[in-house]
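Comments concern the structure below.
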Amino acid sequence: MRHGGVTKFSFQNLFGPIIIISALTFFVGRTSASLQLITQFTLCYFMMVLALQVFVGNSGVLSFGHGSFALIGSYISGMLTAPINIKGHALAMNQLWQALVPLHTNIYLALLISAIISAFFAALTGSLLMRLSGLSAGIATFALLGVTYNVFFNNKRIGPGSQALPAVPTISNTYILLLLAALAIVVVYLFNISSLGRTLIATREDAMAAPALGINIYRVRLIAFTLSGFLAGLSGGMYVHVAGTFQVQDYYLEFTFLTLSMLIIGGSASLWGALLGTIVISTIGQLLLMMEQDLPIFGIHAHIPEGSRAVIIAVAFVAVLLWRSSGIANGKEFSIPTFWRK
Amino acid sequence: MALLEISNLVAGYGKVQVISDVSFSLEPGKSIGIVGPNGVGKSTLLLTIAGAISPNAGSIKLDGTSIFGMRPEDIVRRGLSLVPEGRQIFSGLSVKENLSLGLTGRRDKKGSHEAVERMHELFPVLSTHEHHQAGMLSGGQQQQLAIARALISEPKVLLLDEPSLGLAPTVIADVFERLREIIHMGTAVVIVEQRANLVTSFADETIVIRDGKVQSRLTPADATNTDSLNRSYFGAGD
Amino acid sequence: MIQSILDAISLGGLYSLAALGLGLVFGVMRLVNFAHGELITIAAYTLVLTTQFPLLLSLVLTIFVTALVALIMEFAIYRRLRGVSPAIMLVASFGLSTVLQRVYEFTFGALPKSAVVAPSLSGVVKFAGLSITISSVLTIILAVVILLAMGYLVERTSLGLQLRAASADFRTARLLGVRSNRLITAAFVLSGVLASFVAFILVIQNPVVNPYYGLNITILALVGIVIGGISSLRGAALGGFIVGVILSGLNTLLGNGRVYSYTWLFITVLIILLVRPGGLLSKGSELERV
Ligand SMILES: Nc1ncnc2c1ncn2[C@@H]1O[C@H](COP(=O)(O)OP(=O)(O)OP(=O)(O)O)[C@@H](O)[C@H]1O
Ligand SMILES: [Mg+2]
């Protein structure tokens, strides 16, 4: 995670990823209904990976706690939009605190509220956690995830507990998700090249030298953590409106490791890496799933035994790390020459 | 055939090249001093010879066989020990344990006991503090421990990185007196020093490193000649 | 009451064994080996699948298999990642952990395997009017014996000295002649042996083994080594013990609210880390190495 990343504004660094993600959404999303759904989920994951890039990628501090922001974002957006009669009468919700039942807004306002509250929660927890670094920070953020998960999993007064909240309205238009992702790319890109972002990257390269340069590590990390919490909350919100149901388990270990792997495989030091990682892991996962189900891929049948998909993905993950520990993008942003040379 | 022979050595950290062309050779029972400004790469050079940093090019021969690219644990078994900069004793371990660690680098495990006793003779302070935590020793005592720990493997070549660092003048004289004994017993010694006068007068030959290369070679006679020392050291008059 | 205290101590002992296994490997290569849990899992599988053999043979077999898996991990993966940043190694170990879980699922099936291991060791004894579970007493005895043995190994043998030196400063240790590959291999084998004992204690209490069997205890042991102070084996063992005792204590104290014991545990962990970022046994001035 040593490489420099961006310093000044560049059209191709910014619009390259936007064009690629738009093109993929457009072409893959239209192939079939199931691929459309996959594309929608991938856009949600991408939002999460972007969130992780802003903080983990730029600061070099590992966070396992972002799942809690996604969880909260998803919970809020789900609860604010699920039909009132479901919240009042569904079996899973029979212990729900009655004051929560009538709260209701439309999807877009709910998404915004969920992202803002997640950002607020990130700022709050970050104000304590950002004093830590290294392994302590990793474990502390993990503890944060543990607390959030444990509370939401067991408390049936505030939500469905270990069960699912059904009938959350879905966003059927993929382009709305794409628009959100593109906006997030712009925001993250601008943050990364801002003086704040560059300062944060400088602290990653050399945390010891930062205080000597008059950099307040705590402050820049906290700001990035808050922005990152906003995006993670938004990703949770998007996810709940794609899945159509809220379930606490969706945002725990598996989610955390999947999204972190995407970031690290792609290359955590750049936005382009975040996108590459998301695309590569999602594509491999989808192709292998089709092989498991013995569906043709470009007309070719290549059957693999059921359950081997996960093994192959994990093996591929470890293999990429062995090959290049700084990820596929190796710290570079998108640019046409390097893209062609690959 | 020289005991230690370095030719055209190139080394550094990743893409950053610190040592670009260094050659020297050393006979048994002789000593070489290395001086040069801060950050020029003296420690890098010693670490590379000892195997802690992989060299990029050139050759390093010990007793006629190449040790280029070998692992440090194998190099020490072939008879080359390093006393690293800042001593690097294990402050949480006892003096005895520190010495025992030095024994892991011995070629033959027999004679370990005698080796410990020899170190106690050479550095009496170590036997009186045997069971103390090494971190509790004074700077001079720590330096003696670090030297003893490297010597206990009975190296043919001993590399020392700034043995005088942080020591009072009388203690420095003492440490160098020990070094003289060690050299007298047939060990070849390479000493990196900030104190150019001291090492130039002490060593049989002293090389000055600048810009990753050997800039000049000095003899003990140059030690008294402050002018030539300064010139080669600071590069004045280039 | 007595039973609760015994439970707390036995859980503490168990977690400190798991933490020690993690701490050994961390010490020599700055790797937080998340896949340690999968060592525990394979040990547990081996134990429940070899119940037809005498207990001792089954245990020996388990230690052998587990140490072998640990060695394969080292040779196939971690050896190639030496020198990579600890954060990347940690994430790689997550990947490896997932690989192994899937491999177990593939080999042993997703459904749990179960068999009663050492039936004579489960049950209750009456003692001075109190009834006490045999397993808790056994766990304590076993944990104490193993911790003492480890203590001896680490404090009194040459291997232990090399382990301690390498944990403090690997480069200097190598310069003195400590063979890095051998030492790291030894650390992995030892962590495999410890994982076997952890699994042995676990299966006596819960003989239903699934592919995720070792996950939970590993997470908690990991938390333990960090709050204890990752830079020393003592810290690791102590931290593991504390986590076990706190968790067991919370389970007793919270009664019906025990579903929230993880919440309180993690909050305690957060407080400890905020007060002492380097862990309880850290020297304060020590710079963080990870
Ligand atoms: N671990 C490292 N990674 C990258 N660069 C390094 C590392 N250690 C040292 N350097 C750089 O290599 C150069 C040589 O350092 P070295 O420590 O060898 O110098 P030196 O001659 O021993 O200096 P001094 O007299 O201060 O001990 C310096 O510019 C230093 O910044
Ligand atoms: Mg130096």
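Chain naming here is simple, since letters A, B, ... match the order of the sequence lines and numbering starts at 1 in each. FYI, side chains are in, hydrogens and waters are out, and symmetry mates aren't considered; it's all heavy atoms of this structure.
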Worksheet item: Side chain, backbone, both or neither: which part of C:S180 has an atom under 4.5 Å from a heavy atom of chain B?
Response: both
Discussion item. At a 4.5 Å cut-off on heavy atoms, which part of C:R179 comes close to chain B: side chain, backbone, both, or neither?
Written reply: both
[X], [atom1] atom: more than 12 neighbouring heavy atoms under 6.0 Å:
X      : atom1 : answer
B:M136 : CE    : no
C:R182 : CZ    : no
B:R178 : CZ    : yes
B:R77  : CZ    : yes

Worksheet item: Taking C-beta and beyond as the side chain, do B:L101 and C:V178 meet within less than 4.5 Å on heavy atoms?
Response: yes
Worksheet item: For the side chain of B:T104 and the backbone of C:L176, is there at least one donor-acceptor N/O pair under 3.5 Å apart?
Response: yes
Worksheet item: Tell me, side chain or backbone of B:L47 under 4.5 Å from chain C's heavy atoms, or both, or neither?
Response: side chain
Fill in: Region of B:R106 in contact with chain C, defined by heavy-atom distances below 4.5 Å
neither
Item to complete: Measure the CG-CG distance between C:L161 and B:L93 for me, rounded to the nearest 0.5 Å.
Response: 6.0 Å
Response to the item:
dist C:E155:CD -> B:E97:CD (nearest 0.5 Å) comes out at 7.5 Å
Discussion item. Among residues at least two apart in sequence or on other chains, which ones pass salt bridge (Lys or Arg N to Asp or Glu O under 4.0 Å) with C:R174?
Written reply: B:E73
Item to complete: Taking all non-hydrogen atoms of both residues into account, name the closest pair between B:F90 and C:A168 and its distance.
Response: CD2-CB, 3.9 Å
Worksheet, complete the sentence: Residues C:G177 and B:V76: closest non-hydrogen pair is CA-CG1, 3.3 Å
Discussion item. Strictly less than 4.5 Å between heavy atoms, which residues of residues 53-70 of chain B line up against chain C? Please order them by number.
Written reply: none
